[in-house]
Protein chains: 2
Amino acid sequence: MNIGEAARASGVSAKMIRYYESIGLVPAAARTNSGYRTYGNTEVQILRFIRRGRDLGFPVETIAALLALWRDRSRQSSDVKRLALDHVADLERKIAEMQAMASTLRHLAETCAGDGRPDCPILDDLGSSPAKACH
Amino acid sequence: MNIGEAARASGVSAKMIRYYESIGLVPAAARTNSGYRTYGNTEVQILRFIRRGRDLGFPVETIAALLALWRDRSRQSSDVKRLALDHVADLERKIAEMQAMASTLRHLAETCAGDGRPDCPILDDLGSSPAKACH
DNA sequence: TCTTGACCTTCCCATCATTGGAAACCTTAT
DNA sequence: ATAAGGTTTCCAATGATGGGAAGGTCAAGA
């Protein structure tokens with residue numbers, strides 16, 4: 001299987017496959033006589049693993065750790081669980097931040113007339129000092 | 001006011017002030033004879049505006065649009081409101097995505113024994129096809 | 001007046017994950 | 001034989017920021 005087919009099968013672009021190889025996230029692929037990379041089902045499965053992890057928001061570094069656990073037959077599932085829960089906590093922190101932002105903006109937008117008048121609390125608020133952000 | 005003092009007063013690092021100038025987000029600052037940038041209260045207020053916008057998660061591009069509206073005496077507050085609400089919609093989309101990720105991960109972590117046994121649904125799921133992500 | 005230390009300048013590099021392009025090579029079908 | 005399309009490597013850029021080097025400037029103290 002050439003890199004393009006592997007890309008289609010895994011959902012990881014050929015560019016990214018080469019990149020993952022260059023940073024050592026995946027081992028160097030086998031080559032044909034003419035230098036083409038070749039992939040088998042195992043490699044595609046690994047790429048799919050990586051892609052799923054990226055979709056779930058794992059940084060590549062964390063995926064590398066998960067991959068190591070995946071490959072390691074003596075892996076402890078508690079390690080995997082901890083990584084996953086750490087990531088959940090991360091996500092929750094970010095979600096809370098974004099919800100705070102959204103609520104501030106919604107509040108400001110409500111107060112904003114939205115007609116042609118130039119009085120807009122959003123701009124006023126953005127220009128004010130940080131402490132006064134939400135009153 | 002030198003750049004350092006302006007940085008302290010606005011909460012934007014000197015590095016970023018120079019960067020914002022280089023990308024044209026703020027006009028080039030006045031200079032002393034010896035080449036030092038100088039800032040007044042207006043400039044600091046603009047920098048604070050930018051900083052508040054960044055804190056609220058606006059991309060620099062959007063801030064540029066807001067700044068233009070801010071400077072424009074004939075601004076329509078409806079334009080500002082639309083920008084803000086667009087951004088709220090963006091935030092809500094991202095929040096939903098992250099909540100989906102978190103819920104998948106939580107579900108997987110629950111199913112994961114978390115003891116020393118090597119059976120871990122998280123890894124199995126990550127290796128499976130995308131469509132089967134959540135069952 | 002000279003020195004010292006804190007400040008400023010520009011320029012380059014690095015991050016992280018990803019995309020884009022260019023130039024050259026390979027494969028396959030017509 | 002040629003054209004199309006896949007592949008290779010390398011180089012550059014993104015966005016927002018941090019880090020650092022090399023050199024110029026300013027203010028205060030000896």
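Chain naming here is simple, since letters A, B, ... match the order of the sequence lines and numbering starts at 1 in each. Just so we're clear, the structure is a prediction, and the values are computed from it rather than from any experiment.
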Roughly, in whole Å, what's the span from CD1 in Ile63(B) to C1' in dA16(D)?
11 Å
Per nearest nucleotide of DNA chain D, the residue lying toward the 5' end, Met16(B) or Arg37(A), is Arg37(A)
Given atom CZ of Arg8(A) and atom C1' of dG6(D), what is their separation to the nearest angstrom?
9 Å
Any chain of hydrophobic side-chain contacts (each under 4.5 Å) joining Leu67(A) to Tyr19(A)?
yes
Winner on side-chain proximity to Lys15(B), out of dG18(D), dA17(C), dC8(C), is dG18(D)
Starting at CD1 of Ile95(B), measure out to CD of Gln99(B) and round the result to the nearest 0.5 Å.
7.0 Å
Start with the C-alpha distance between Arg54(B) and Val60(B), add both sets of side-chain angles, then the distance that settles side chain to side chain contact (heavy atoms under 4.5 Å, CB included), and finish with yes or no.
CA-CA 7 Å; Arg54(B) 297 285 310 129; Val60(B) 168; 4.0 Å; yes
Using whole Å, what does the distance between atom P of nucleotide dT9(D) and atom CD1 of Ile17(A) come to?
13 Å
With a 4.0 Å cut-off on heavy atoms, is Arg18(B) in touch with a base, just the backbone sugar-phosphate, or nothing at all?
base
Euclidean distance, atom CG of residue Leu25(A) to atom C1' of dA17(C) [Å, nearest integer]:
12 Å
Distances for protein N or O near nucleotides 25-28 of chain C N or O, under 3.5 Å:
from: dC26(C); atom 1: O3'; to: Ser34(A); atom 2: OG; distance (Å): 3.1
from: dC26(C); atom 1: O2; to: Tyr36(A); atom 2: OH; distance (Å): 3.3
from: dT27(C); atom 1: OP1; to: Ser34(A); atom 2: OG; distance (Å): 3.0

Choosing from dA16(D), dA17(C), dT8(D), which nucleotide comes nearest the side chain of Val60(B)?
dA16(D)
At less than 4.0 Å, is any side-chain N or O atom of Tyr20(B) found next to OP1 or OP2 of dT17(D)? Yes or no.
yes
Let me know the distance between CZ of Arg31(A) and P of dT7(D), rounded to the nearest Å.
12 Å
Length of the line joining Glu21(B):CD and dA16(D):P, which is rounded to integer Å:
17 Å
Among dA16(D), dT8(D), dT18(C), the one nearest any side-chain atom of Arg54(B) is dA16(D)
Rounded to whole angstroms, how far apart are CD1 on Ile23(B) and P on dG15(D)?
8 Å
Whole-Å distance, Arg51(A) CZ to dT18(C) P, equals 10 Å
Picking from Glu21(B), Glu5(B), Glu43(B), what satisfies salt bridge (Lys or Arg N to Asp or Glu O under 4.0 Å) with Arg37(B)?
Glu21(B)
With a 4.5 Å heavy-atom cut-off, do Arg106(A) and Glu92(B) have their side chains touching?
yes
Note: Ala9(A) and Val44(A) closest approach over all heavy atoms is CB-CG1, 3.9 Å
Within one Ile-Leu-Val-Met-Phe-Trp-Tyr cluster: Ile50(B) and Met1(B), side-chain cutoff 4.5 Å
yes
